[in-house]
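Scroll down for the structure; my scribbles are underneath it.
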Amino acid sequence: MTTSDKSAILLIYTGGTIGMKDSGHGLVPFDFQEILNEVPELRKFTFKIDSYTFDPLIDSSDVEPGMWKELARLIKEKYDDYDGFVVLHGTDTMAYSASALSFMLDSLTKPVIFTGSQLPVGSLRTDGKENLVSAIEVASAKDSKGRAMVPEVAIYFNSQLIRGNRATKVNATAFDAFRSPNCPPLAEAGISIRYNKAEIRYPAARTAPFSIHTELDTRVAILKVHPGITCQVARNVLLGDGIRAVILETYGSGNAISKPWFTDIVRESAAKGKIILNITQCLAGDVNMNLYATGKSLKEAGVVSGSDITTEGGLAKLFYLMGEHADNEKVKRLLEKNLKGEISK
Ligand code: ASP
């Protein structure tokens, strides 16, 4: 593995804690020059690092699909000029944005590495410096044949590189904020960065040229099943106007309430042609609707298994597939396929 002297990296700054300072009324983003001042280590890289700053810079809680489109278009516009891209992003929605980009960028041959931090880069105990420096190293890493080591959308955080569409934020305060519960890390950083080549997805030898998809259909609702859920709540979501798909966050291996009132609503919703995607509330493991009667009734009603996808990954996959296809049956078929490493099978 080499970090080529000829590499050129584009650092895309969208906002987030990494570049924030205390305004007296809470943390607000500061400009990119201040990040450079705080991380003089960046000057030690022997290759070119350019930057692009979003306007306005945002707390990632304000991320909307429009920003993902802007990111995708920017990467497309700059694709031939850089060997890799590092996206500085707030941690709160980083897993959503990385999931979305994984579907929106097609035939990717270059790394797109998201990173951020739990403490601003200007604070003494910041985790931002290591995250940023290592993310750049990953984005510029090439194999002995000069190909990118990680031609994927991934998140680098706290010494781990994980696939973007497998990531979930699990801790609001610890430096170890992200997990990829159903997929091993793509790389781990100690005194050197060890790449897990068996897990990294490499493009086929004759891959189509890089392209982007910016049509997203966001008519998705998420319904978390819980004891005490009322018939009215279930009806409002599963049969609601303007909702094309529902992510049903179920118990354990994909189980929900077996009472007829609930299965009747699910059946009515599916019969109306709505897409219902079953994703487990559990952090790890997968949906198996053949195991329990409570899961079987969902399958019989027409619910699609999300396998071991995360909610963030499932939401992004739905946005993307529904944006591409008007036919809900086609979307359902594609939901069961592994498109970008988002499910294990
Ligand atoms: N609220 C911040 C954001 O997501 C949190 C962070 O960056 O860690 O932008």
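Residues take their numbers from the sequence shown, with the count starting at 1. Owing to the predicted nature of the structure, the values given are computational and were not obtained by experimental measurement. When reading the values below, keep in mind they use all heavy atoms of this one structure, side chains included, and skip hydrogens, waters and symmetry mates. Start at 1 and go down the list; that is how both ligands and their atoms are numbered.
Inclusion of Thr93 in the set of residues having an N or O under 3.5 Å from an N or O of ligand 1 is not warranted. Considering both main-chain and side-chain atoms, Lys169 never comes within under 3.5 Å of ligand 1 through any nitrogen or oxygen pair. The distance criterion of under 3.5 Å between nitrogen or oxygen atoms is not met by His89 with respect to ligand 1.
Shown here is Lys129, whose NZ atom has more than 12 heavy atoms of other residues, nucleotides or ligands within 6.0 Å.
Ranking the protein heavy atoms by distance from atom 1 (N) of ligand 1 puts Asp92 OD2, 2.7 Å first. For atom 4 (O) of ligand 1, the closest non-hydrogen atom of the protein is Ser60 OG, 2.5 Å.
Ligand 1 lies nowhere less than 4.0 angstrom from a heavy atom belonging to Ala177.
At a threshold of 4.0 Å, the pair Glu41-Lys44 does not count as salt-bridged, since none of the basic side-chain nitrogens sits closer than that to a carboxylate oxygen. A salt bridge does not link Asp143 to Lys145: none of the charged nitrogens lies less than 4.0 Å from a carboxylate oxygen.
Taking every non-hydrogen atom of Asp59 and a distance limit under 4.0 Å, the qualifying atoms of ligand 1 come out as 1 (N), 2 (C), 3 (C), 4 (O), 9 (O). Counting atoms of ligand 1 from 1 in the listed order, those under 4.0 Å from a heavy atom of Gly16 are 7 (O), 9 (O). Listed by number with element, the atoms of ligand 1 under 4.0 Å from a non-hydrogen atom of Thr17 are 2 (C), 5 (C), 6 (C), 7 (O), 8 (O). Close contacts between ligand 1 and Thr91 involve ligand atoms 3 (C), 4 (O), 5 (C), 6 (C), 7 (O), 8 (O) [criterion: under 4.0 Å to a heavy atom].
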Self-check item: Intermediate values then yes/no, side-chain contact (heavy atoms from CB on, under 4.5 Å), Tyr13 and Ser51
Solution: CA-CA 7 Å; Tyr13 176 34; Ser51 67; over 6 Å; no
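Both cation-pi conditions hold for Lys110 and Tyr79: the charged atom is under 6.0 angstrom from the six-membered ring centre and inside a 45 degree cone around its axis.
By the 30° and 60° cut-offs, the orientation of the rings of Phe45 relative to Phe47 is tilted.
Here the closest non-hydrogen pair linking Ala189 and Tyr156 is CB-OH, 3.3 Å.
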